[in-house]
K.L.:
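Can you read through this structure? Questions will come right after.
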Amino acid sequence: MDKDIKSILSEIDKDNPYATFLNEGALSNVKGHIDTGSMVLNGIVSGSLFGGIQQGRTILFAGPSQTGKSYIVQKILANAQKQGLIPVIYDTENAIDPDGAAALGLDTSKVKYVPTFSIEKCRNSIFNFLTKAKEAGQIGKFIIAIDSLGALQSEMQMNRMEKDNTSQDMGSRARAVKSLLVTCNQLSAMTNTTILITNHIYDNPTEMYPSLVKEMPGGRAVVYIPSVTVQLARKPMKEDKDLGDKLTVAQKNYSGVVLRALTVKNRFVKQYLEGEMYLSFEKGLNKYYGLLELAVGFGVIVQTGSTYTLPDGTKLGYYSKWKNNTELWDKTIIPGIEQKISVEWKYGNISP
């Protein structure tokens with residue numbers, strides 16, 4: 001680049017210490033990923049079965065009750081802890097208990113737990129905490145979870161309750177939520193801190209036709225400000241011998257739930273990607289569930305009725321006969337899926 005042009009551009013650096021060329025470690029560059037515990041969820045979020053949640057970004061999981069939001073977030077926190085990160089949990093529903101967190105792999109003695117009820121106080125706490133981390137040079141050392149956004153109230157709402165004021169909220173909560181999310185977005189990138197947020201969703205009863213992207217508490221900004229927004233749905237699943245799942249004493253009908261994940265916002269790969277996960281009440285999240293659907297969809301394996309073959313004509317037979325063939329999965333099917341999604345799920349469908 002011309003020396004005079006470089007000199008002119010350097011003026012920007014005097015006003016903004018984060019200014020750089022895009023290939024030189026800009027804030028917009030993702031520094032790494034954290035495994036979600038599901039290869040399918042890794043894939044639709046990051047474009048790689050071996051990827052996961054982007055470090056230094058704000059990621060939101062939204063869904064009705066019992067769609068595994070808190071479970072998935074705690075599983076990510078446990079995997080982040082294994083990478084040396086320190087989890088900080090802002091609990092708004094008094095729902096995070098030490099025994100449950102430990103069962104998911106978290107060392108609870110090294111998790112900072114912060115009960116919180118106000119949107120503004122949650123925002124200010126995160127701002128002060130991450131500002132202090134930045135000043136101390138502790139970049140990329142923490143991971144934050146807010147569980148859940150839907151249970152937080154604005155200071156205005158809380159003040160009205162103290163005064164026994166029954167007037168309705170006229171947008172203060174939505175404005176406060178937007179401010180919280182903008183703060184999270186800015187500081188997550190500046191400090192390379194992943195921020196995980198859960199939220200509830202609900203159907204709009206005034207809609208003639210149900211929309212793909214569901215309504216969430218906090219307004220439309222909740223969906224579109226985070227770097228990635230994953231919308232979850234569930235369906236109970238009966239005892240499945242293929243998964244080695246069984247009902248326990250007094251447990252009726254269902255041994256787990258199939259979770260359907262849809263990326264309604266994604267800055268990194270194509271959005272509106274959908275995949276299935278299986279959450280067993282006995283064994284937890286199945287890492288490989290949903291890969292069969294992707295393999296068939298991409299043509300990595302070919303399904304004819306209830307039997308399967310490889311594209312070259314090699315017969316695999318019924319799924320039950322090869323589902324536990326780890327060599328087949330590790331050497332043929334999973335690499336085949338990975339190669340397909342690395343190209344087809346990129347924006348612009350550009351080959352790497």
Side-chain angles (χ1 to χ4, degrees), residues 34-46 49 51-53 58-81 87 89-106 111 143 145-151 194-203 213-214 216-217 222-223 226 228-240 243-245 247-248 251 253-266 273-291 293-294:
I34 303 167
D35 182 22
T36 65
S38 162
M39 297 188 85
V40 168
L41 184 57
N42 287 348
I44 67 173
V45 168
S46 67
L49 300 177
I53 297 303
T58 299
I59 314 294
L60 186 139
F61 292 95
S65 178
Q66 298 182 333
T67 48
K69 301 183 295 294
S70 297
Y71 179 99
I72 292 170
V73 163
Q74 290 180 74
K75 194 67 179 176
I76 294 170
L77 293 179
N79 289 334
Q81 200 174 50
I89 300 177
Y90 288 82
D91 184 3
T92 74
E93 298 179 322
N94 301 317
I96 308 295
D97 68 274
D99 290 340
L104 293 177
L106 276 164
V111 177
I143 180 169
I146 304 174
D147 189 24
S148 115
L149 190 64
T194 303
I195 301 180
L196 307 171
I197 303 174
T198 68
N199 200 11
H200 303 292
I201 65 172
Y202 55 88
D203 289 317
V213 181
K214 303 302 182 183
M216 299 185 198
V222 176
V223 178
V228 179
T229 300
V230 181
Q231 185 174 283
L232 298 168
R234 73 189 287 270
K235 62 178 179 181
M237 188 169 177
K238 294 185 177 181
E239 182 177 4
D240 192 326
L243 295 171
D245 237 2
L247 297 173
T248 188
Q251 188 179 33
N253 297 324
Y254 304 112
S255 60
V257 290
V258 173
L259 303 176
R260 197 78 179 170
L262 171 71
T263 54
V264 296
K265 161 74 183 297
N266 199 328
L273 297 175
E274 191 174 46
E276 284 190 347
M277 303 172 281
Y278 179 63
L279 180 57
S280 165
F281 298 146
E282 178 188 10
K283 299 179 179 179
L285 197 61
N286 185 302
K287 188 175 184 67
Y288 301 98
Y289 190 89
L291 290 178
E293 182 182 35
L294 289 182

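Quick note: numbers below take in every heavy atom, side chains included, and nothing from hydrogens, waters or symmetry partners.
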K.L.:
What's the spacing between Ile34 CD1 and Ser46 OG if we round to 0.5 Å?
P.N.:
11.5 Å
K.L.:
For the residue pair Gly37 and Asn42, what are the closest heavy atoms and their distance?
P.N.:
N-OD1, 4.5 Å
K.L.:
To the nearest 0.5 Å, what is the distance between CG on Leu273 and OG1 on Thr263?
P.N.:
4.5 Å
K.L.:
Applying side-chain contact (heavy atoms from CB on, under 4.5 Å) between Val228 and each of Ile59, Leu60, Val264, report the one that passes.
P.N.:
Ile59
K.L.:
Take Tyr71 and Leu104 through the test side-chain contact (heavy atoms from CB on, under 4.5 Å) and record every step on the way to the result.
P.N.:
CA-CA 8 Å; Tyr71 179 99; Leu104 293 177; 3.0 Å; yes
K.L.:
Can you find a heavy atom in the side chain of Leu106 that is under 4.5 Å from one in the side chain of Pro87?
P.N.:
yes
K.L.:
So, taking the atom named CG in Leu41 and the one named CG in Leu285, what distance separates them when rounded to the nearest 0.5 Å?
P.N.:
8.0 Å
K.L.:
To the nearest 0.5 Å, how far apart are OG1 in Thr67 and CZ in Arg260?
P.N.:
14.5 Å
K.L.:
What pair of heavy atoms forms the shortest contact from Val40 to Gly290, and how long is it?
P.N.:
CG2-C, 3.5 Å
K.L.:
Can Val45 and Thr36 be said to form a side-chain contact (heavy atoms from CB on, under 4.5 Å), step by step?
P.N.:
CA-CA 10 Å; Val45 168; Thr36 65; 5.6 Å; no
K.L.:
Out of Asn199, Thr92, Thr198, which residue meets the side chain to side chain donor-acceptor pair (under 3.5 Å) rule with Asp147?
P.N.:
Thr198
K.L.:
Run the side-chain contact (heavy atoms from CB on, under 4.5 Å) test on Met277 and Leu232 for me, step by step, so that the C-alpha distance in whole Å, both residues' side-chain angles and the decisive distance to 0.1 Å come before the verdict.
P.N.:
CA-CA 10 Å; Met277 303 172 281; Leu232 298 168; 4.0 Å; yes
K.L.:
I'd like to check Lys235 versus Glu276 (side-chain heavy atoms, cut-off strictly below 4.5 Å). Are they in contact?
P.N.:
yes
K.L.:
Taking all non-hydrogen atoms of both residues into account, name the closest pair between Ile53 and Phe61 and its distance.
P.N.:
CD1-CZ, 3.9 Å
K.L.:
Looking only at heavy atoms, which two atoms of Ala151 and Glu93 are closest? And how far apart?
P.N.:
CB-CG, 3.5 Å
K.L.:
May I ask you to decide if Lys214's main-chain N or O and Gln231's side chain share a donor-acceptor pair within less than 3.5 Å?
P.N.:
yes
K.L.:
With Gln66, which residues qualify under side-chain contact (heavy atoms from CB on, under 4.5 Å), at least two apart?
P.N.:
Arg234
K.L.:
So with a 6.0 Å cut-off around OH of Tyr288, is the heavy-atom count from everything else above 12?
P.N.:
no
K.L.:
Could you check Val223 against Val213 for side-chain contact (heavy atoms from CB on, under 4.5 Å), going step by step and ending with a plain yes or no?
P.N.:
CA-CA 9 Å; Val223 178; Val213 181; 4.0 Å; yes
K.L.:
Restricting to non-hydrogen atoms, name the atom on Leu291 and the atom on Leu49 that form the minimum distance, rounded to 0.1 Å.
P.N.:
CD2-CD2, 4.0 Å
K.L.:
Ala62 and Met216: which non-hydrogen atoms are nearest, and at how many Å?
P.N.:
CB-CE, 3.4 Å
K.L.:
Measure the CD-CG distance between Gln74 and Asn79 for me, rounded to the nearest 0.5 Å.
P.N.:
12.0 Å
K.L.:
When rounded to the nearest 0.5 angstrom, what is the spacing between NZ in Lys69 and CG in Leu149?
P.N.:
11.5 Å
